[in-house]
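To start, the structure itself, in structure tokens.
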Amino acid sequence: MPPRRAAGGGGAGTWEWVFAPRSRGERRYWLVKSEPEVFSFEDLLAAPERTTHWDGVRNYTARNFLRDGMKLGDEVFFYHSNAAPSAIVGTCEVVREGCPDNTAFDRDDPHFDPESERDDPTWYMVDLRAIDRLPRAVALPELKARKELADMTLLRIGRLSVSPVTAAQWKAIVAMAK
DNA sequence: GCCAACGTTGGC
DNA sequence: GCCAACGTTGGC
């Protein structure tokens, strides 16, 4: 069930549907954002094994999705933010589940966080492998125009860089991209 | 624990 | 470049 409200970190209960136990073999869906100027879907396709660490996320709600929500084989939309147009452009899959984000321990990394300890890490990442470009990018205004996507977390919480997607939303968007 | 100030994200 | 949204910080 999608969230009733766009509440962010607030009560843990808001995100119960995301962390609820899965039925056997159940696959779930997600969306990650990246500014194409920084790291684009093309960059992911060009990466070794078409895989990258999805690190540097410094928001607790997003961290919880990375650490506890995303499981091997889950599928993930790749969204270009701050782009012209901002759009969902490709799909990837989770190839490694949540593990500590080492960039938080590196003084020279822009995402260094002195509060995060190696034996009790604050921040987590997953590994994502590109599957494919969408046949057609689906731009933000198109998403907003669809009634059945009104509850989509991407549209509700603008600042969240990792967000859940329901199976119905996934299906609708894949159909839009044809 | 409240809330104002501040910083960041990201659409436009 | 502006600004709305909202998460985070810190004073009290």
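Within every chain, numbering begins at 1; the chains are lettered A, B, ... in the order of the sequence lines, protein sequences first and strands thereafter.
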query = Can we say A:D74 and A:R22 salt-bridge, meaning some charged N sits less than 4.0 Å from an Asp/Glu carboxylate O?
reply = yes
Residues which pass salt bridge (Lys or Arg N to Asp or Glu O under 4.0 Å) with A:E117, listed by chain and number, not counting sequence neighbours = none
note = dist A:L44:CG -> A:S34:OG (nearest 0.5 Å) comes out at 9.5 Å
task = Working to the nearest 0.5 Å, report the span between CZ of A:R96 and CE of A:M70.
result = 13.0 Å
note = Min and max contacting nt of DNA chain B in 5' to 3' order, chain A heavy atoms within under 4.0 angstrom, are B:dG7 to B:dC12
query = By the rule that ILVMFWY residues connect when side-chain heavy atoms come within less than 4.5 angstrom, directly or transitively, which residues belong alongside A:L155?
reply = A:Y29, A:L31, A:F77, A:Y79, A:I88, A:L134, A:V138, A:L140, A:L143, A:L149, A:M152, A:L154, A:V165, A:W170, A:I173, A:V174, A:M176
request  = Using heavy atoms to find the nearest nucleotide of DNA chain C for A:N82 and A:Y60 separately, return the residue whose nucleotide is more 5′.
outcome  = A:N82
